Amino acid sequence: MKILVIIGDCLTVNSSANLCHLAYLRGLVALGAEVDLLCAKDEGARSDKALSIPSEIRCHMYGVSLYEKLSHLKHHTAQKQPEPSAEKTAAPAETGNGDSLLHGVKASVRSLYGVYGPSKAWFVKARHFSSDTPYDVLLSISCPFISHYAAYTLLKNHRIQCKKWIQIWEDPWFSDIAYDSHTEECKKEEEFLCSVAEDIVYVSPVTLSYQKKLFPASAAKMRFVPLPTYYDDTGEAPSFDHLRYGYFGDFSPEVRDLAPCYHAALQRDVPLTICGNPSGLLESRGQIAVHGRMDRDSLREYEQQVNVLIFLCNLRGGQIPGKIYQYSATDKLILFILDGSEEEQLAIRRYFEPFNRYVFCQNTIADIQRAMDELAAGKYRETARSLPDFSVERIMNLILQRGECV
């Protein structure tokens with residue numbers, strides 16, 4: 001099977017989206033597919049050596065925008081600055097003139113790219129890609145959403161040919177809780193991309209339900225397939241004599257509320273490691289250690305030190321952070337903290353509960369402590385087992401064959 005994958009992003013940058021992207025690619029290789037990849041190349045970005053594109057894949061890369069290059073300049077400048085004092089940290093308005101100037105330049109540059117943002121610069125180059133290969137499948141994967149528009153443009157201009165085009169939406173656009181995309185312009189463009197699709201895959205059953213209501217004309221083309229596991233994390237079975245908890249991921253308070261879990265652990269005096277941004281929002285206290293975002297290899301060292309993984313749902317929207325599928329492939333206990341509307345919580349629990357793999361609780365201090373107490377008493381030990389249901393091979397088969405969902 002010959003497959004063209006389009007992802008308008010630089011895949012060596014450490015992000016949860018790229019972990020998903022690379023998992024899809026590994027799944028295709030595992031199935032024996034011949035894969036061409038159209039993606040971005042960002043030489044100024046801070047790459048993670050643990051993230052790499054499979055060597056079997058033929059890559060076609062195009063450069064990124066001026067906005068993204070300015071972002072790297074700001075990042076490198078920040079790295080050279082001394083750590084701010086507590087007083088300066090508490091007063092974010094007191095920024096240097098250079099930083100303010102760079103922020104203003106970035107804002108001006110960003111406004112030039114339109115609804116697709118800086119990714120449009122990559123598209124201007126990528127739209128010239130052409131191939132005589134008759135592809136069996138074209139996979140466009142977002143984020144970024146320009147991936148789908150690039151696929152549409154290449155097909156429309158007959159620069160590529162394929163038997164089937166599948167759009168994979170790891171996040172919705174207009175309804176995305178994490179970004180300021182709630183505009184009519186975004187909604188209109190998302191509706192257009194759905195209208196020209198042949199097959200649309202979402203990675204959350206709640207997102208699928210919402211998208212069908214938002215774009216009813218395209219509802220018949222939409223389906224749900226969960227994300228695959230990022231990497232092989234099986235190893236020696238952990239001991240549960242002493243429970244050590246870990247939360248690994250970002251926790252912006254507008255997206256996920258980690259405070260109840262933090263205070264529950266503090267009051268119960270249980271070991272808890274937190275790695276993610278904004279690290280300054282919570283402080284290390286007692287047996288709680290708070291760290292910022294880090295590269296993949298460094299993060300795994302912290303992950304290996306815990307035997308209870310904490311998964312926290314979003315505050316609303318029903319999008320499911322991809323780390324739950326990775327956690328499911330481990331032999332560790334999983335504390336599954338539900339959040340969102342009652343309808344969203346019911347739908348998410350209804351999907352995951354039959355696996356008999358997770359310890360559910362509400363996102364309140366009292367209910368998290370109830371779950372912690374039950375875990376400490378030895379309850380749920382039988383749930384700590386690796387699930388094969390989200391393997392890259394199985395998930396890619398579901399996507400390519402439009403088979404029944406796991």
Side-chain angles (χ1 to χ4, degrees), residues 13-19 45-48 50 68 70-104 106-107 110 176-180 244-306 308-317 319 321-323 335 337 339 363-365 368:
V13 176
N14 185 7
S15 69
S16 57
N18 276 341
L19 289 172
R46 186 177 181 181
S47 296
D48 188 333
E68 288 159 310
L70 289 170
S71 296
H72 303 326
L73 177 62
K74 181 179 180 181
H75 173 75
H76 294 319
T77 301
Q79 280 189 316
K80 295 177 182 179
Q81 298 298 322
E83 287 295 320
S85 65
E87 290 81 6
K88 290 183 178 179
T89 302
E94 298 178 10
T95 56
N97 292 332
D99 184 70
S100 299
L101 177 62
L102 183 58
H103 178 77
K106 284 179 60 185
R110 184 180 178 86
D176 194 342
I177 184 177
Y179 296 98
D180 185 19
R244 299 174 302 280
Y245 291 79
Y247 176 84
F248 307 105
D250 290 342
F251 49 96
S252 172
E254 297 82 16
V255 180
R256 299 181 198 116
D257 184 10
L258 188 60
C261 182
Y262 174 87
H263 291 293
L266 188 64
Q267 292 176 18
R268 282 292 186 269
D269 194 29
V270 299
L272 169 61
T273 300
I274 298 172
C275 297
N277 287 334
S279 57
L281 183 67
L282 302 172
E283 62 177 349
S284 297
R285 292 177 60 187
Q287 295 199 74
I288 300 178
V290 182
H291 307 277
R293 194 179 183 92
M294 59 189 68
D295 62 55
R296 180 68 254 167
D297 286 342
S298 299
L299 182 62
R300 292 195 70 178
E301 291 183 15
Y302 285 101
E303 289 177 335
Q304 291 168 1
Q305 295 171 11
V306 306
V308 184
L309 296 164
I310 297 172
F311 173 76
L312 175 61
C313 289
N314 290 347
L315 284 168
R316 59 188 181 277
Q319 295 165 241
K323 60 177 61 67
L335 180 60
I337 304 177
D339 212 335
N363 195 20
T364 65
I365 295 176
I368 293 171

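Hydrogens, waters and symmetry mates play no part in the numbers below; they use all other heavy atoms, side chains included. Keep in mind that what you see is a predicted model, and the values were worked out from it rather than measured.
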>> Can you tell me how far apart CD (Glu303) and CG (Leu309) are? Round to the nearest 0.5 Å.
In response: 7.0 Å
> Step by step, would you call Cys261 with Ile337 a side chain to side chain contact (heavy atoms under 4.5 Å, CB included)?
Replying inline: CA-CA 9 Å; Cys261 182; Ile337 304 177; 4.1 Å; yes
>> Please give me the minimum heavy-atom distance between Leu19 and Arg296, naming the atom from each residue.
In response: CD1-NH1, 3.9 Å
> Where do Asp257 and Asn363 come nearest, in terms of heavy atoms and distance?
Replying inline: O-ND2, 3.0 Å
>> Once rounded to the nearest 0.5 Å, what's the spacing between atom NE2 of His263 and atom CG of Leu282?
In response: 7.0 Å
> Any idea which heavy atoms bring Lys323 and Phe248 closest together, and the distance?
Replying inline: CE-O, 2.7 Å
>> Using every non-hydrogen atom in the two residues, find where Pro253 and Pro278 come nearest and quote the distance to one decimal.
In response: CD-CG, 4.4 Å
> In Å and rounded to the nearest 0.5 Å, what is the CD to CZ distance from Gln304 to Arg244?
Replying inline: 12.0 Å
Donor-acceptor pairs under 3.5 Å, side chain of residues 268-275 to any protein atom, not counting sequence neighbours: which ones?
| unit_1 | atom_1 | unit_2 | atom_2 | d |
| --- | --- | --- | --- | --- |
| Arg268 | NE | Asp373 | OD1 | 2.9 |
| Arg268 | NH2 | Asp373 | OD2 | 3.0 |
| Asp269 | OD1 | Gln287 | NE2 | 3.4 |

>> Quick check: closest heavy atoms across Pro260 and Ile365, and the distance to 0.1 Å?
In response: O-CG1, 3.6 Å
> Minimum heavy-atom separation for Arg256 to Cys313, with atom names?
Replying inline: CG-O, 3.9 Å
> What residues form a side chain to side chain contact (heavy atoms under 4.5 Å, CB included) with Arg293, not counting sequence neighbours?
Replying inline: Ser15, Asp250, Asn277
> So how far is it from Asp48 CG to Asp295 CG, rounded to the nearest 0.5 Å?
Replying inline: 5.0 Å
